[in-house]
Amino acid sequence: MLELVIGGVLFACFAYTGMGIRAYYRRRKELFEQYVGFLEYLKENIGFLRSPLAECTIEYCRGKKGEFIKILNEYAKMLEEGRMGREDFEKLFSSPYIDKERKRELCAVFYGLGKVDEDTQIDNLRKARAVAEAPLEFYRKKYATTGTLAFRLGVVFGIAAMILAA
């Protein structure tokens, strides 16, 4: 009986670890999907509707969840409070799901928002979206391969541990 309990606990640990790894890769993928979606949304709203930046950000976040949405909500607060220093942006994009290179890119894009005329801003957003396509595809592939593999291996190792414990 004790072997069965130990086997069940080992199975749960391995499976949970696999699920955690898969969730990490899913969050990275979702973060960049929302980032690309936000760039498109901004490009549309700045070009056609001429909405203020804080208003666009809050409207985009309405009804959505995710790591990038948390970042955008904090960004909207920064806009309202007038905190627009480089240090503020460094702190804003301090997330375990954003690596250093992508953090610099995101900081540069967000630091430049609202500081140039409309046509230049739309062109900058178009360029930022083009740059964001490569990491987005990379994270999608990483989730499909590594994330899924980690989950499956967690389950398989859990079953193996259960068998060995029994």
Side-chain angles (χ1 to χ4, degrees), residues 15-154:
Y16 187 73
T17 301
M19 287 173 27
I21 293 169
R22 183 177 66 175
Y24 173 78
Y25 285 108
R26 184 183 66 245
R27 287 188 185 114
R28 286 182 91 170
K29 175 185 72 86
E30 288 172 352
L31 187 140
F32 273 87
E33 286 174 342
Q34 290 175 340
Y35 171 57
V36 168
F38 179 67
L39 292 176
E40 283 298 315
Y41 181 80
L42 271 184
K43 192 168 56 170
E44 182 179 305
N45 279 289
I46 290 173
F48 297 119
L49 302 176
R50 298 182 185 348
S51 301
L53 190 55
E55 189 177 303
C56 282
T57 305
I58 292 168
E59 186 62 34
Y60 180 79
C61 294
R62 188 165 288 131
K64 294 181 181 160
K65 295 179 182 178
E67 185 71 20
F68 190 68
I69 300 303
K70 291 176 190 174
I71 291 171
L72 285 179
N73 283 324
E74 185 62 32
Y75 176 66
K77 288 178 190 174
M78 284 174 52
L79 287 173
E80 291 171 354
E81 295 170 1
R83 294 183 293 132
M84 300 301 289
R86 288 236 184 239
E87 313 82 42
D88 295 320
F89 286 100
E90 288 288 327
K91 195 163 75 171
L92 178 66
F93 292 106
S94 295
S95 170
Y97 308 111
I98 303 173
D99 57 9
K100 289 181 181 181
E101 182 181 335
R102 306 293 174 239
K103 181 179 177 179
R104 281 192 300 270
E105 290 172 9
L106 290 168
C107 285
V109 169
F110 277 81
Y111 186 72
L113 287 177
K115 295 187 176 173
V116 293
D117 64 290
E118 175 189 336
D119 294 331
T120 307
Q121 187 70 74
I122 291 172
D123 190 46
N124 289 345
L125 290 170
R126 195 172 291 119
K127 288 176 186 175
R129 188 187 190 297
V131 168
E133 281 298 319
L136 176 59
E137 281 306 309
F138 174 75
Y139 292 133
R140 282 181 177 159
K141 287 179 185 175
K142 209 60 167 151
Y143 171 69
T145 56
T146 307
T148 305
L149 180 66
F151 173 69
R152 289 179 181 165
L153 283 175

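The figures that follow rest on heavy atoms only: side chains count, while hydrogens, waters and symmetry mates do not.
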**Request:** Taking side chain to side chain contact (heavy atoms under 4.5 Å, CB included) as the test, write out the residues that go with T146, two or more places apart.
**Result:** Y25, K142
**Request:** Could you check if a side-chain atom of F151 sits within less than 4.5 angstrom of a side-chain atom of I21, using non-hydrogen atoms only?
**Result:** no
**Request:** Answer yes or no: is there a donor N or O on one side and an acceptor on the other, between the side chain of T57 and the main chain of L53, under 3.5 Å?
**Result:** yes
**Complete:** Residues passing the ring pair (Phe, Tyr, Trp, His ring centres under 6.0 Å) test with Y97, sequence neighbours excluded, are Y24
**Fill in**
dist I98:CD1 -> R104:CZ (nearest 0.5 Å) comes out at 13.0 Å
**Prompt:** For R22 and G147, which heavy atoms make the closest approach, and how far apart are they?
**Reply:** CB-O, 3.4 Å
**Complete:** Tested for salt bridge (Lys or Arg N to Asp or Glu O under 4.0 Å) against R140, the lone hit among E30, E133, E33 is E33
**Prompt:** K115 and Q121: which non-hydrogen atoms are nearest, and at how many Å?
**Reply:** N-OE1, 4.0 Å
**Request:** Name all pairs fulfilling the side-chain hydrogen bond (donor to acceptor under 3.5 Å, both in side chains) condition that reach into residues 63-72, sequence neighbours left out, sorted by first residue then second.
**Result:** E67-S95
**Counterpart residues, side chain to side chain donor-acceptor pair (under 3.5 Å), relative to R62 (two or more places apart)** = E59
**Request:** Under the salt bridge (charged side-chain N to carboxylate O under 4.0 Å, His left out) rule, what do E74 and R83 come out as? Steps first, then yes or no, please.
**Result:** CA-CA 11 Å; E74 185 62 32; R83 294 183 293 132; 3.2 Å; yes
**Item:** Results of ring pair (Phe, Tyr, Trp, His ring centres under 6.0 Å) for F38 - residues two or more places apart only
**Value:** Y60, F110
**Prompt:** So, D123 side chain and D119 main chain: donor-acceptor pair closer than 3.5 Å or not?
**Reply:** no
**Request:** Start with the C-alpha distance between E40 and L125, add both sets of side-chain angles, then the distance that settles side-chain contact (heavy atoms from CB on, under 4.5 Å), and finish with yes or no.
**Result:** CA-CA 8 Å; E40 283 298 315; L125 290 170; over 6 Å; no
**Prompt:** Are P135 and R28 close enough that some pair of their side-chain heavy atoms sits under 4.5 Å apart?
**Reply:** no
**Message:** Checking the side chain of N45 only, and the main-chain atoms of L42 only, is there a donor and an acceptor separated by less than 3.5 Å?
**Reply:** no
**Prompt:** Is it the case that K29 places NZ or CZ above or below the six-membered ring of Y143, under 6.0 angstrom from the centre and within 45 degrees of the axis?
**Reply:** yes
**Complete:** Residue set satisfying side chain to side chain contact (heavy atoms under 4.5 Å, CB included) with L153, at least two apart, ordered chain then number -> L149, F157
**Message:** For R152, is the CZ atom crowded, meaning more than 12 foreign heavy atoms sit under 6.0 Å from it?
**Reply:** no
**Message:** How close do V109 and A128 get, counting heavy atoms only, and between which atoms?
**Reply:** CG2-CB, 3.7 Å
**Item:** Minimal non-hydrogen separation, D99 against R102, with atom names
**Value:** OD1-CG, 2.6 Å
**Fill in**
Rounded to the nearest 0.5 angstrom, the CG-CD distance for L106 and E90 is 10.5 Å
**Complete:** To the nearest 0.5 Å, atom CG of L39 lies from atom NZ of K127 at 14.0 Å
**Item:** Minimum-distance pair of heavy atoms, taken over all atoms of A144 and T148
**Value:** O-OG1, 3.1 Å
**Prompt:** Between F93 and F89, how do the two ring planes meet: parallel, tilted or perpendicular, split at 30° and 60°?
**Reply:** parallel
**Message:** Rounded to the nearest 0.5 Å, what separates atom NZ in K43 from atom SG in C56?
**Reply:** 14.0 Å
**Item:** Point-to-point distance, once rounded to the nearest 0.5 Å, from OH of Y35 to CD1 of I69
**Value:** 13.5 Å
**Request:** Determine yes or no for a side-chain-to-main-chain donor-acceptor pair under 3.5 angstrom, with E80 supplying the side chain and A54 the backbone.
**Result:** no
**Message:** Within this structure, what is the CD1-CG distance for the pair I71 and L31, rounded to the nearest 0.5 Å?
**Reply:** 5.0 Å
